[in-house]
Protein chains: 2
Amino acid sequence: MVTIKDISRICGVSPATVSKALNGYDDISPETAELVLQTAKELNYTPNAAARLLKTNRSHNIGVLFIDDSMSGLTHEYFSHILNSVKEEAEANGYDITFISNNIGKEKTSFLQHCRYRNCDGVVIANVDFQNTEVLELVKSNVPVVTIDYSFDNASSVNSDNEEGSYKLTSNMIAHGHRKIAFIHGEHTLVTQKRISGYKTAMEDHGLEVPPEYISEAIYHDVDSVRKATAAMLDLPDPPTAILFPDDYAFMGGQAEILERGLNIPGDVSVSGYDGVNLAKILDPKLTTWEQDTDALGRIAVDKLIDRIENPRTAIPEYIVVKGKLFEGETVKQFS
Amino acid sequence: MVTIKDISRICGVSPATVSKALNGYDDISPETAELVLQTAKELNYTPNAAARLLKTNRSHNIGVLFIDDSMSGLTHEYFSHILNSVKEEAEANGYDITFISNNIGKEKTSFLQHCRYRNCDGVVIANVDFQNTEVLELVKSNVPVVTIDYSFDNASSVNSDNEEGSYKLTSNMIAHGHRKIAFIHGEHTLVTQKRISGYKTAMEDHGLEVPPEYISEAIYHDVDSVRKATAAMLDLPDPPTAILFPDDYAFMGGQAEILERGLNIPGDVSVSGYDGVNLAKILDPKLTTWEQDTDALGRIAVDKLIDRIENPRTAIPEYIVVKGKLFEGETVKQFS
DNA sequence: GAAAATTACTAAAACGATTTCGTAACTCCA
DNA sequence: TGGAGTTACGAAATCGTTTTAGTAATTTTC
């Protein structure tokens, strides 16, 4: 590997001068700078991030904490879109991203230790169990953090508007004449709470009753659990005419159950999903859903994190809401 | 941050001794070692990867090159599964993973430079344009590389058996009595070539003709292009009774076209996809497809890479084939 | 034309670890 | 008891870069 020393030897200047030339300091004469730059290019010089980091304490590396065991991982379409967006925004700003696990080498440690080990300038956290002690430890540490879809008061968070999404999906059903609207939601997280709240508010605002059996819990991204919940819903003495599902993917379980009973979508049951990333649009009929702006979610998270990293004193924690929008597919029909 | 020096001061031994104790060298007395370890734990010591790397020249960091602009990115279900598997296997072996882009800071450079900059011990390459000069530069460099679904002769590669997959899917159609079988394939890559070859061989082996118009090109993961190709296929004077699609996801475009024409799957047209990661199994009817073992693909790629990294002299390039298996869904019907 | 200011550079320390080589102290035997 | 061998440790160099403080040489200023 060619180093600054090689360049300094060849150019007949000191390493300090080379470093300054390379970094565009202005106490280097144009001729020297030119010579150094030229030589660096000829030798195909690449700086050494580790050495640089050691001196500057800046790794230009952002940690990504995106899963823990209980969650569905990188293969979740919604999160893979966010990850993609995080990656692109980070790269556009000169940062790399590294996944944070809770081991170093083969030793078990904590997420925080891992961040320190890799000297991450900051961390984006999403799709984890935010009650997890290791996650809390990381959030409370001095490592800059931004969370997605969850909020702590000492860190910026970027949130999709779950309450509104749910409210609008419910209202959409109501606008189509439905009055018996059920909600199969995911596990009990903050996101879920907001969605339930949005659903309930929409019902209330329109003077509609919500029988407790119209709210039922399943598991996000889990087709089987949703299928079971759907079955239970349809078995009710007074079944709903419309069902809101936890997410587009899991909806497929509900769909299977509905179709198997010889019922028709949306003829007999109107349905909607949540996420709107991709699947909804290629299904036939297209699934009405709440389209989350994953692109903005990832991008803003990274922007806020970098702001926090580069302006540690002025950047203050923000609570940011990213608007989604209703995707009107073909699964909601006027109820008559 | 607490460093080795802090520990050495507190324990009254030299930094050298601390380092050795921490790394389990055997020229340290049990008592000293114990003292050091204990103190390190108390102070919550975390080693500094950068400093370590600088001396040892090992980053324990694996680069992942998974996309370039022309490809569909991390959001491709097949690759997100592979990525997940790569990540887990790497972590299990004490490596972290970092995405490789072709810029450092905000300067445009090459993938290779980026790898050097971050001192990646090795790189896993998948889902890129393998003809790209930057990719070639990386593959030809001294950075250990493993490729997925493409093979260079100086690097190990892990390949799904595209020829066999295609052969079996075709044979499956034939076994169900189909004789007019069309293949809508993806862009012209090595993977595609193999699949076409498998398809043709299967047809030949069973004494079946392949009219040129039964082979048509679309774009992987692109619903619209597949829909168009399907339309063209169905418009043929003598349309096929069975169609093989490029992948499960893109199949959705074909499905839409078929259904819109009032045709039934599999009543009127039998179909199969490719990948078998997730979607196929939640569709209704379930999509017959070739199930690739993404888990093994990622895992083996990482294992081979680490082998190459840790045993540079003995590890030789291997061409590894990972078997897939037929997933028999409900979209292939006996043709009468 | 001397003092002050500017310019263009360098020496050297430092970041946090690892590793080689040396050595003092102790143990072992014949 | 004295030489060989072993044990447990430390000094110091080193990895590649950045940065501070200093300094010669030049230019400016009055």
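Quick note on labels: first sequence line is chain A, next is B, and so on, each numbered from 1. Values below: every heavy atom of this structure, side chains too, minus hydrogens, waters and symmetry copies.
At a threshold of 4.0 angstrom between heavy atoms, the contacts of Ser19(A) include nucleobase atoms, whether or not backbone atoms are also involved. Thr46(A) comes within 4.0 angstrom of sugar-phosphate atoms only, judged by non-hydrogen atoms across all strands, and of no base. At a threshold of 4.0 angstrom between heavy atoms, the contacts of Asp27(A) include nucleobase atoms, whether or not backbone atoms are also involved. In this structure, Asn57(A) reaches neither bases nor backbone, as no heavy-atom distance under 4.0 Å exists between it and the strands shown. At the heavy-atom level, Ser29(B) lies under 4.0 Å from the strands shown only through sugar-phosphate atoms.
No donor-acceptor contact under 3.5 angstrom links the side chains of Tyr220(A) and Asn127(A), judged on distance only. A donor and an acceptor atom, one from each side chain of Asn278(B) and Tyr78(B), are nowhere located under 3.5 Å apart. A donor and an acceptor atom, one from each side chain of Asn61(B) and Asn119(B), are nowhere located under 3.5 Å apart. The closest side-chain donor-acceptor pair between Asp96(A) and Thr98(B), if any, does not fall under 3.5 angstrom. There is no side-chain donor-acceptor pair under 3.5 Å between Ser110(A) and Asn102(A).
Contact check, Tyr25(B) against dT19(C): a side-chain N or O comes under 4.0 Å of OP1 or OP2. Residue Tyr45(B) places at least one side-chain N or O closer than 4.0 Å to OP1 or OP2 of dA17(C). In this structure, Asn23(B) reaches the dT18(C) phosphate: one of its side-chain N or O atoms is under 4.0 Å from OP1 or OP2. Distances shown here put a side-chain N or O of Ser14(A) below 4.0 Å from the OP1 or OP2 atom of dT10(C). Regarding contacts with the backbone of dC15(C), every side-chain N or O of Thr56(A) stays at 4.0 angstrom or more from both OP1 and OP2. Between dA8(D) and Thr32(B), no contact under 4.0 Å exists linking OP1 or OP2 to a side-chain N or O.
The CZ-P distance, from Arg52(A) to dT18(D), rounds to 5 Å in whole Å. Spacing between atom CG of Asn119(A) and atom P of dT17(D) amounts to 17 Å, rounded to whole angstrom units. The CZ atom of Arg116(A) sits 16 Å away from the C1' atom of dG16(C) (whole-angstrom rounding). Atom CD1 of Ile28(A) and atom C1' of dT19(D) are 12 Å apart (whole Å). Arg58(A) places its CZ atom 16 Å from the C1' atom of dT17(D), with the value rounded to the nearest Å. Distance Leu54(A) CG to dC15(D) C1': 9 Å, rounded to the nearest Å. The nearest whole Å value for the distance from the CG atom in Leu43(B) to the C1' atom in dG16(C) is 15 Å. Per the geometry, OH belonging to Tyr117(B) stands 16 Å off P belonging to dG16(D), to the nearest Å.
In this model, no side-chain donor or acceptor of Lys55(A) finds a partner on the base of dT19(D) within 3.5 Å. You'll find a donor-acceptor pair under 3.5 Å spanning the side chain of Lys20(A) and the base of dT10(C), going by distance alone.
With hydrogens and angles disregarded, no donor-acceptor distance shorter than 3.5 Å links the side chain of Thr17(A) to the backbone of Val13(A).
Residue order along DNA chain C, read from the 5' end via each residue's closest nucleotide, puts Ala50(B) first among Ala50(B) and Ala16(B).
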